[in-house]
Number of protein chains: 2
Amino acid sequence: MSNLEVDDERVEAKPGEDSTEQVVSYVRALIERGRLRPGDRLPAERELATQIGVSRPTVRAGLRALAAMGVVQSRHGSGTYIPDGPPTLATEPLSFLAALHGFTRDEMYEARRILEVGAAGLAAGRATPEQVATLAEEVASLFASMNEPQVFLVHDINFHRAVALASGNPIVASLVEMVSALYYERRRVTAERASDRDLRDAAEAHRRIYQAIRSRDPEGARAAMNEHLNQARDYQAQESGAASDVVEPRAAAMPAVTPAASERGGSRRRSGAR
Amino acid sequence: MSNLEVDDERVEAKPGEDSTEQVVSYVRALIERGRLRPGDRLPAERELATQIGVSRPTVRAGLRALAAMGVVQSRHGSGTYIPDGPPTLATEPLSFLAALHGFTRDEMYEARRILEVGAAGLAAGRATPEQVATLAEEVASLFASMNEPQVFLVHDINFHRAVALASGNPIVASLVEMVSALYYERRRVTAERASDRDLRDAAEAHRRIYQAIRSRDPEGARAAMNEHLNQARDYQAQESGAASDVVEPRAAAMPAVTPAASERGGSRRRSGAR
DNA sequence: ACGGCAAAGTGGTATTACCTCATGATGGCG
DNA sequence: CGCCATCATGAGGTAATACCACTTTGCCGT
């Protein structure tokens, strides 16, 4: 009778909460009460079902939702776990958002600049010796892989993630991670186009950021990161020339879409979707 | 026979992709090909099931996952839709992350500062007349509700969201929205403690931010936002006194939870959960 | 012509049965 | 005696089916 139930003070059925949401709430309650912590395994699905009083497919739907949020992680045959390690946000949602609303490359660089310039500033004030060492390694790897764009890209991302982690702020780190992932996802397919000169400049830029952080110079780190991202954006703009900027619709493409919408649903657009 | 299928070029079964993920991929494909746009309704669950070739519970699990990511939104009896309006990220994931890792209030303010200072700077350069007008209204509402902390809080958040929106960068706006929601969720329960003086100062601070944006003064806007958030953080620290800072575990709280974990599963913690 | 009612369509849930995979125990073989 | 292979157990993964609940719409009666 291993008790991982919520015991007293039932969790059940806030009004207007369907069964699937109950599952999410239940797990949330377990987490908030400290019964579930990173690395722990959740009760089996069948057990959860009886505990909460819903069917197993419902439990599964709830767990899928949690998995999509990155809160849990299922391993076939083993169980459902809460990921340990540093806090991480799921990156898929942002990716979908990008596909739906057609984020431009410039918007991505802008977002990265805001986040990462701030992160670099914090890192310069707080990075631990180990974190500084990690940064040094990544910089070295960058210089070492200038003839392998794909490998270079990996270390590029790793460096930026390391900076975010060194900021000491898990929220900022999570956000950087999320946006970086979106960047990486796109960049991966175009990485080959980067010129040798660009890679060399990029490596140098990373080195300058590293040095500023190492010398505990927040303003220098911010400036270096800012310059680096602006430069990277400009380089990439040249690579693609006057070609594709937007990856998805946005408003252009498909001249007359509005009529098509009414064709296939009948339900007219609601303006207040919230 | 309204065709919302993917037609040629089947989407089916990338290796290592379970059925539920197929559902997500399928919807993603529909989106990326422009067959689904904000405001549209997805095919019925039963129809999706036959199209993809999986059972309905599986489809439901996939749709739940998408809903958790904020990509879709189901309305009982009506259908499943893609939300329209400005791009928005789900806020629950961050909330869970906060519960799991015990984000502190200072970390939240720090993250907000980084994001919103950047957003304010952008907004000062780009805000449309309508957006400026919205900001003005919210400032007015702030001054008007200084004796109703809960109402004040709502306009407070609205102002910050409006600034983020005025930044013209949907990615930044989404991120601000997400972090603000976390802030709001917590602040709501302690809003009553705010002193009249604090609210007045806060209203003034918002006015300064507004004025800087209106005068197209990016540096001024950044400075005003920075100062505002620092001040707000300090005020709130006073309110709670030397009391509770961390809301959740982090490492403290609950002396012996570990043994309970081994009781109920037998499987010892894996360190490399990733 | 208007308002209420009924039918169809759609998401929501429960049941049941089976499959696949991971894990640990167990027994045979070296 | 110890190592390795095999099997039993349990957990997640999926399918099929039957109903329920809500929403919407259009028809019918007033």
By side-chain hydrogen bond (donor to acceptor under 3.5 Å, both in side chains), Glu45(A) pairs with (sequence neighbours left out) Arg56(A), Arg60(A)
Applying side-chain hydrogen bond (donor to acceptor under 3.5 Å, both in side chains), name anything that partners Ser95(A), two or more places apart in sequence or on another chain. Glu185(A), Arg28(B)
Can you list the residues that meet the side-chain hydrogen bond (donor to acceptor under 3.5 Å, both in side chains) rule with Thr80(B), with sequence neighbours excluded? Ser74(B)
Which residues pass the side-chain hydrogen bond (donor to acceptor under 3.5 Å, both in side chains) test with Thr128(B), not counting sequence neighbours? Glu130(B), Gln131(B)
For atom CD of Gln73(B) and atom P of dT23(D), their distance in whole Å: 14 Å
For Ser141(A), enumerate each residue passing the side-chain contact (heavy atoms from CB on, under 4.5 Å) test, keeping only those at least two apart in sequence or located in another chain. Glu138(A), His155(A)
Would you give a per-nucleotide map of nucleotides 7-15 of chain D, 5' to 3', where B means the base has a protein non-hydrogen atom under 4.0 Å away, S means only the sugar-phosphate does, and - means neither? ---BBBBBB
